[in-house]
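We use all heavy atoms of the structure for the numbers below, so side chains are in, but hydrogens, waters and symmetry mates are not. Quantities reported herein were computed from a predicted structural model and do not represent experimental measurements.
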Amino acid sequence: MKKIFVFFLLISVTFINAEVKKLGKEITIKEKTSISKILSTPAKYEGKTVVVEGEVLGVCEDKGCWIEIAGSKKDEKIKVKVEDGVIVFPQDAKGKTVLVQGVVAPVKDEACDEKEMAEKKDSGDAGCCSKDKTKKTYQIEGIGAVIK
């Protein structure tokens, strides 16, 4: 009877651990920072190492080199970019909860080239596409993650 119990215990522990995926470096920071706080005052967090948690909204389909994580407010999200090949986010991470440690960094969207500007103009969507205008956004340069 004890052998059967031990067998089932080992099987259940294996399945529980199989669901948690650790990627990259170990997460060392205990206190989580909300995505809302980072997005509302990004300059305060720029260059700082943070830990965020949220639902994975999207995963890079090409190399698994980024994910988007939902914040607590509607339509709020932040991109987590990792060095290609160092961490590869699996496609099945979408919809799961992730804990990420990384550095908050600004990202400059490049101005559109002539062809892109013409296409945007023809479609009636000028968006932020202009030669003299760039939009500053922020992302997290991820160094470690745990997908639950």
Side-chain angles (χ1 to χ4, degrees), residues 1-113 115-116 119-120 123 125-130 133-148:
M1 188 67 172
K2 282 186 179 181
K3 288 181 184 180
I4 293 173
F5 176 75
V6 170
F7 174 75
F8 282 112
L9 182 63
L10 287 173
I11 295 293
S12 62
V13 168
T14 301
F15 281 116
I16 290 170
N17 287 336
E19 290 184 32
V20 174
K21 293 181 183 176
K22 294 181 181 181
L23 305 167
K25 294 183 178 179
E26 191 76 25
I27 292 178
T28 57
I29 298 174
K30 302 297 179 205
E31 187 178 330
K32 298 174 197 168
T33 303
S34 79
I35 292 170
S36 295
K37 283 184 180 180
I38 294 170
L39 294 176
S40 66
T41 56
K44 177 181 174 184
Y45 294 97
E46 188 173 328
K48 294 193 174 151
T49 303
V50 297
V51 171
V52 295
E53 183 174 39
E55 179 185 347
V56 177
L57 298 174
V59 180
C60 171
E61 293 180 10
D62 188 29
K63 297 179 185 175
C65 62
W66 57 262
I67 57 173
E68 286 184 328
I69 304 175
S72 58
K73 297 178 183 173
K74 185 178 179 191
D75 298 328
E76 183 177 62
K77 62 185 174 183
I78 194 162
K79 183 182 235 178
V80 175
K81 175 73 174 101
V82 294
E83 191 176 333
D84 291 352
V86 175
I87 295 176
V88 178
F89 291 108
Q91 292 299 313
D92 67 354
K94 191 172 180 180
K96 294 183 180 175
T97 300
V98 67
L99 190 66
V100 174
Q101 181 170 315
V103 178
V104 177
V107 178
K108 267 194 171 175
D109 295 335
E110 295 179 12
C112 300
D113 64 20
K115 183 179 176 186
E116 290 172 309
E119 288 173 359
K120 291 262 189 189
S123 71
D125 176 24
C128 68
C129 189
S130 92
K133 182 174 151 184
T134 57
K135 179 183 173 188
K136 191 171 184 182
T137 57
Y138 287 83
Q139 68 182 15
I140 296 173
E141 295 172 349
I143 57 173
V146 176
I147 300 171
K148 301 175 186 180

Original post:
Listed by chain and number, what are the side-chain contact (heavy atoms from CB on, under 4.5 Å) partners of Ile143, not counting sequence neighbours?
Top reply: Gln101

**OP:** Mind checking the CD-NZ spacing from Gln139 to Lys81? Nearest 0.5 Å is all I need.
**Re:** 7.5 Å

**OP:** Quick one: closest heavy-atom pair of Val52 and Thr33, and the distance?
**Re:** CG1-O, 3.3 Å

Original post:
Do Glu53 and Lys32 meet the salt-bridge criterion of a basic N to acidic O distance under 4.0 Å?
Top reply: yes

Original post:
Any donor and acceptor pair, going by atom type alone, linking the side chain of Thr137 with main-chain N or O of Val107 inside 3.5 Å?
Top reply: yes

**OP:** Report yes if some heavy atom in the side chain of Lys48 is under 4.5 Å from a heavy atom in the side chain of Glu46; otherwise report no.
**Re:** no

**OP:** Could you tell me which non-hydrogen atom of Val82 sits nearest to which non-hydrogen atom of Gly142, and how far apart they are?
**Re:** CG1-O, 3.6 Å

**OP:** Compare every heavy atom of Cys65 with every heavy atom of Asp84, then report the nearest pair and how far apart it is.
**Re:** OD1-CB, 3.1 Å

Original post:
So does Lys22 have more than 12 non-hydrogen atoms from other groups sitting under 6.0 Å from NZ?
Top reply: no

Subject >> Euclidean distance, Lys73 NZ relative to Ser34 OG, rounded to 0.5 Å >> reply: 8.0 Å

Original post:
Considering only heavy atoms from C-beta outward, does the side chain of Ile67 approach that of Val100 to under 4.5 Å?
Top reply: yes

Original post:
Ion pair present between Glu68 and Lys77, side-chain N to carboxylate O less than 4.0 angstrom?
Top reply: yes

Subject >> Interatomic spacing from CD1 in Ile35 to OG in Ser40 - rounded to 0.5 Å >> reply: 12.0 Å

**OP:** Identify the heavy atoms of Glu55 and Gly95 that sit nearest to each other, and give their distance.
**Re:** OE2-CA, 3.7 Å

Original post:
Taking all atoms of both residues into account, what is the closest heavy-atom pair of Ile147 and Ala93, and its distance?
Top reply: CD1-CB, 3.8 Å

Original post:
Going by the side chain to side chain donor-acceptor pair (under 3.5 Å) test, which pairs reach into residues 56-66, not counting sequence neighbours?
Top reply: none

Original post:
Should Val146 and Val98 count as side-chain neighbours, where that means a heavy-atom distance under 4.5 Å?
Top reply: no

Original post:
Quick one: does Ile140's side chain get under 4.5 Å of Val103's, heavy atoms only?
Top reply: no

Subject >> Non-hydrogen side-chain atoms of Ile29 and Val50 separated by less than 4.5 Å >> reply: no

**OP:** Give a yes or no answer on whether the side chain of Thr41 reaches the backbone of Lys44 with a donor-acceptor pair at less than 3.5 Å.
**Re:** no

**OP:** Applying salt bridge (charged side-chain N to carboxylate O under 4.0 Å, His left out), name anything that partners Lys25, two or more places apart in sequence or on another chain.
**Re:** none

**OP:** Locate the shortest heavy-atom distance separating Val104 from Tyr138; write the atom from each residue and the value.
**Re:** CG1-CD2, 4.1 Å

